[in-house]
Amino acid sequence: MGVKGFIEGGIASIVAGCSTHPLDLIKVRMQLQGENQPVRAASAPGGSINVSGPPRVGPIGVGMQIIKQDGARALFSGVSATVLRQTLYSTTRMGLYDMMKKKWTDPETGNMRLWKKIGAGLIAGGIGAAVGNPADVAMVRMQADGRLPAAQRRNYQSVVDAISQMAKNEGVGSLWRGSSLTVNRAMLVTASQLASYDQIKETILEKGVMKDGLGTHVTASFAAGFVASVVTNPIDVIKTRVMNMRVEPGKAPPYTGATDCALQTIRSEGPMALYKGFIPTISRQGPFTVVLFVTLEQVRKLLKDF
């Protein structure tokens with residue numbers, strides 16, 4: 001039964017990840033907007049300083065730029081890495097969360113206390129992220145490649161090629177670059193996404209607002225997606241930039257770590273830069289969660305006799 005939970009969660013996660021991949025790609029491109037741009041300070045009334053930079057392009061504009069520059073297929077750049085990431089990361093986190101949920105649910109009420117849901121999400125997310133970090137690094141790089149000039153692109157052919165080149169050219173340790181950020185983000189997103197989904201769904205059913213069905217699932221999913229987006233967007237921006245940074249031989253890396261990246265980002269682009277890509281993030285989290293749980297229920301029905 002434990003293995004079955006991993007399989008069901010893995011299938012649902014792969015379907016959800018692939019179907020929302022273009023939104024994830026747009027999110028990554030937006031998170032990298034303004035990076036490594038010189039700080040331009042201008043005096044504002046009262047003697048304060050305004051930090052300005054290149055104009056920010058919205059999610060639709062970013063999507064149109066990608067299609068215009070590289071064609072519609074470019075919206076699925078790095079999808080092979082998404083498949084591997086979901087296979088490693090999401091299969092692990094969904095399976096572990098399901099195991100803990102079954103173990104910690106009160107047999108009398110059939111419910112699990114909120115703090116236990118959060119704890120299960122933190123544990124499952126952290127372990128899943130540690131397992132899937134190499135695929136996460138590869139995915140970020142493949143998604144970000146198209147924003148670079150042709151001469152500077154890494155041009156990975158697939159997730160296997162990306163991981164092989166990173167290990168060969170930058171060392172095996174590069175596959176776990178930003179792993180602390182990945183683990184922290186995954187713990188937060190799993191706890192906020194899965195725990196809040198379960199809690200919101202239970203509340204809706206207990207209050208009699210809606211019956212258990214697609215409408216309840218969609219409502220709980222989008223609410224959980226919003227919570228997860230608000231909680232995790234800042235660390236997601238830093239994770240993306242640390243994973244994508246290019247380290248030249250003999251030169252100091254652009255960022256010495258997560259804290260340095262956060263400080264540089266805030267200093268050069270302002271605090272709200274930590275919420276770059278928030279619209280596509282929330283636009284992806286909602287549909288991702290809906291597809292995830294709807295698919296999960298269907299897969300469970302298909303495999304109920306196994």
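Quick caveat, the model's predicted, so the values are computed rather than measured.
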query: Yes or no on side-chain contact (heavy atoms from CB on, under 4.5 Å) for Ile14 and Thr87, after CA distance, side-chain angles and deciding distance?
result: CA-CA 7 Å; Ile14 291 171; Thr87 301; 3.5 Å; yes
- request: Mind running salt bridge (charged side-chain N to carboxylate O under 4.0 Å, His left out) on Arg85 and Asp136 for me, showing each step along the way?
  value: CA-CA 6 Å; Arg85 177 177 180 269; Asp136 207 355; 3.2 Å; yes
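Note that the OG1 atom of Thr182 and the CH2 atom of Trp176 stand 11.5 Å from one another [nearest 0.5 Å]. Residue Asn169 holds its CG atom at 10.5 Å from CZ of Arg154, rounded to the nearest 0.5 Å. Going from atom CE of Met142 over to atom CE of Met139 covers 10.5 Å, rounded to the nearest 0.5 Å.
Annotation: side chain of Leu274 is in contact with side chain of Ile238 (closest heavy-atom distance under 4.5 Å). Using a 4.5 Å heavy-atom threshold, the side chains of Lys211 and Thr216 count as separate. The side-chain heavy atoms of Thr240 and Leu32, taken from C-beta on, include a pair separated by under 4.5 Å. Side-chain contact between Lys4 and Leu303 is present, with heavy atoms from C-beta onward closer than 4.5 Å. Side-chain atoms of Met94 and Leu194, non-hydrogen and from C-beta on, do get closer than 4.5 Å to each other. Arg246 places none of its side-chain heavy atoms less than 4.5 Å from the side chain of Pro254. No side-chain heavy atom of Gln264 sits under 4.5 Å from any side-chain heavy atom of Cys261. Looking at heavy atoms from C-beta onward, Asn233 lies out of side-chain contact with Lys276 at the 4.5 angstrom threshold.
With Gln69 contributing its side chain and Gly146 its backbone, the two residues share a donor-acceptor pair below 3.5 Å. Judged by distance alone, with hydrogens and angles left aside, the side-chain atoms of Ser174 form a donor-acceptor pair with the main-chain N or O of Met166 at under 3.5 Å.
Remark: Arg300 engages Glu8, Asp98, Glu297 in a salt bridge (Lys or Arg N to Asp or Glu O under 4.0 Å) (not counting sequence neighbours). Take Glu170 and apply the salt bridge (Lys or Arg N to Asp or Glu O under 4.0 Å) test, not counting sequence neighbours, and it matches Arg141, Arg177. For Asp260, the salt bridge (Lys or Arg N to Asp or Glu O under 4.0 Å) criterion is met by no residue, not counting sequence neighbours.
The closest side-chain donor-acceptor pair between Gln143 and Asn244, if any, does not fall under 3.5 angstrom. A side-chain N or O of Thr190 and one of Arg93 form a donor-acceptor pair less than 3.5 Å apart. Using a 3.5 Å distance cut-off with no hydrogens or angles, the side chains of Asn133 and Ser179 do not pair a donor with an acceptor. Checked by atom type, the side-chain pair Asp198/Tyr97 shows a donor-acceptor distance below 3.5 Å.
Within 6.0 Å of atom CZ in Arg113, 12 or fewer heavy atoms from other residues, nucleotides or ligands are found, so the atom counts as exposed in its surroundings. Under a cut-off of 6.0 angstrom, the local environment of CD1 in Ile60 is sparse, with at most 12 non-hydrogen atoms contributed by other residues, nucleotides or ligands. Heavy atoms of other residues, nucleotides or ligands lying less than 6.0 angstrom from OH of Tyr275 number more than 12.
Between Phe293 and Tyr197, the ring planes lie parallel to each other; the angle is under 30°, not in the 30° to 60° tilted range.
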